[in-house]
There are 2 protein chains.
Amino acid sequence: MKSNVEKPSVSYLLIHICKARMNRTNKMLGAHGLYAGQDVLLYFLGQEDGQTVSSLAEKVSIRQATMVRMIDRLAAGGFVRKVKDNEDRRISRIFLTKRGKTAADAAVSVWKELERKATAGISPEEKETLRGTLGNILKNLQ
Amino acid sequence: MKSNVEKPSVSYLLIHICKARMNRTNKMLGAHGLYAGQDVLLYFLGQEDGQTVSSLAEKVSIRQATMVRMIDRLAAGGFVRKVKDNEDRRISRIFLTKRGKTAADAAVSVWKELERKATAGISPEEKETLRGTLGNILKNLQ
DNA sequence: AAATATTACTTAGTCGGCTAATTAATAGTG
DNA sequence: CACTATTAATTAGCCGACTAAGTAATATTT
């Protein structure tokens, strides 16, 4: 975690990459009325509509409380509908609206473009090595 | 950005690594009364005391507005003192308290431990390759 | 010297995260 | 059947991050 004269640590690089990526994501998603974070939710809804709050929270890897608020905001923005389940009235099921579906598609485009941009000039072999190493780091931290 | 059957994208790995690292950082810093983000500020103050709000914001790579609030919270927690400059009364200068100095040292320990943990089982050569590739990705995104 | 920038910081409001504590509905148990 | 978990969602409150708009002090310019 430093970058003066000494070589930047892996952590330093990772943090700044994530920050830069987040900034770009926010700007690009902003054109579609979205904030970074909401994109992932819409994507998983696109994969399977009508999921529960808790199931979505788990897939997106955030807390239920965070998910609830995110859903309410997206519902207020017309991206999503929230419907109480009749079998089990504790459960709310979330559905994509037409607008939400469009936004989900846009989000995937944004991801693809950023992945392309981020890994520009990196050979397939180097990328494969990178994926391997990053996979190990992820395991180490989880 | 997906991880089903297909290989996870570089972006997916980076995002989840950062998230996992952030969670660990928060837990470890919590033991010292800190939140992730504050550590970086304290570190830079440790390098040079009495810096201005804007200078700190630039070094930490966050907006001034964010820095102001962070400083005010750290001041409320007794980690830092905020003093109006007498030469130019627009400027506030930030100083580490004894408690802040201790916390800054703790933060550096946390970073080192996490860097060690994250890169465990990764050879020096692999790490060097990784740093190179990550450096290129960072450039691509900035 | 007075009007006009510019600079440094501040405030208000929005988001995504988190934890902890509540509420409401269902499932289980004595 | 009534009492007690457990589960699903919600609320409140705290962080870090952002933008946009505002204030106060210093510099510039006319």
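Predicted, not measured: the structure shown is a model, and the values here were computed from it. These numbers come from the heavy atoms of this one structure, side chains and all, not from hydrogens, waters or symmetry mates. So that the names make sense, note that chain A is the first sequence line, chain B the second, and so on, each numbered from 1.
Per the geometry, NE2 belonging to B:His16 stands 14 Å off C1' belonging to C:dG17, to the nearest Å. We find that CD1 of A:Ile62 is positioned 14 Å from C1' of C:dT19, with the value rounded to whole Å. The CZ atom of B:Arg90 sits 11 Å away from the C1' atom of C:dA5 (whole-angstrom rounding). C:dG16 atom P lies 15 Å from atom CG of A:Asn23, rounded to whole Å. Remark: C1' of C:dC18 and CG of B:Leu34 are 16 Å apart, rounded to the nearest angstrom. We find that OH of A:Tyr35 is positioned 16 Å from C1' of C:dG17, with the value rounded to whole Å. One atom, CD of B:Glu87, and another, C1' of C:dA8, lie 16 Å apart when rounded to the nearest Å.
Taking side-chain N and O atoms only, B:Gln64 has no distance below 4.0 Å to OP1 or OP2 of C:dT10.
Using five terminal pairs a side, the axes of the helix from C:dA1-D:dT30 to C:dG30-D:dC1 at its two ends make an angle of 10°, given in steps of 10 degrees.
Ion pairing between A:Lys112 and A:Glu115 fails under the 4.0 Å rule for side-chain N and carboxylate O.
Heavy atoms of B:Ala65 sit under 4.0 angstrom from at least one base atom. Residue-level contact check: A:Val68 touches the bases, meaning some heavy atom is under 4.0 Å from a base atom.
Mapped onto DNA chain C by nearest heavy atom, A:Arg89 and A:Gln38 fall at different nucleotides, with A:Gln38 at the one closer to the 5' end. When the nearest nucleotides of DNA chain D are assigned to A:Lys19 and A:Thr66 by heavy-atom distance, the more 5′-ward of the two goes with A:Thr66.
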**OP:** Assess whether salt bridge (charged side-chain N to carboxylate O under 4.0 Å, His left out) is satisfied between A:Lys101 and A:Asp105, documenting all intermediate values.
**Re:** CA-CA 6 Å; A:Lys101 178 86 187 105; A:Asp105 293 342; 3.5 Å; yes
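Members clustered with B:Phe95: B:Val83, by chain and number, using a 4.5 Å side-chain heavy-atom cutoff among hydrophobic residues. The hydrophobic cluster around B:Ile91 extends to none of the other residues, as no ILVMFWY side-chain heavy atom falls under 4.5 Å of it.
Both A:Ile17 and A:Ile122 belong to a single network of hydrophobic side chains, linked directly or stepwise wherever heavy atoms of I, L, V, M, F, W or Y lie under 4.5 Å apart.
Side-chain N/O atoms of B:Gln51 and B:Lys59 include a donor and acceptor closer than 3.5 Å.
The OG atom of B:Ser54 sits 10.0 Å away from atom CZ of B:Arg90, with the distance rounded to the nearest 0.5 Å. In this structure, B:Leu41 CG and B:Leu96 CG are separated by 8.0 Å, a value rounded to the nearest 0.5 Å. In this structure, CD in B:Gln38 is found 9.0 Å from CG in B:Asn26, a value given to the nearest 0.5 Å.
Using a 4.5 Å heavy-atom threshold, the side chains of B:Leu134 and A:Leu130 count as touching.
Protein chain B contacts DNA chain D from D:dC15 to D:dT26, reading 5' to 3' and using non-hydrogen atoms of the protein with a distance under 4.0 Å.
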Could you tabulate the donor-acceptor pairs under 3.5 Å formed by side-chain atoms of residues 66-73 of chain B, not counting sequence neighbours?
unit_1, atom_1, unit_2, atom_2, d
B:Asp72, OD1, B:Lys82, NZ, 2.7

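In this structure, A:Trp111 has its ring center under 6.0 Å from that of A:Tyr43.
A heavy-atom distance below 4.0 Å to DNA chain C is reached by these residues of residues 69-85 of chain A, ordered by number: A:Arg69, A:Met70, A:Arg73.
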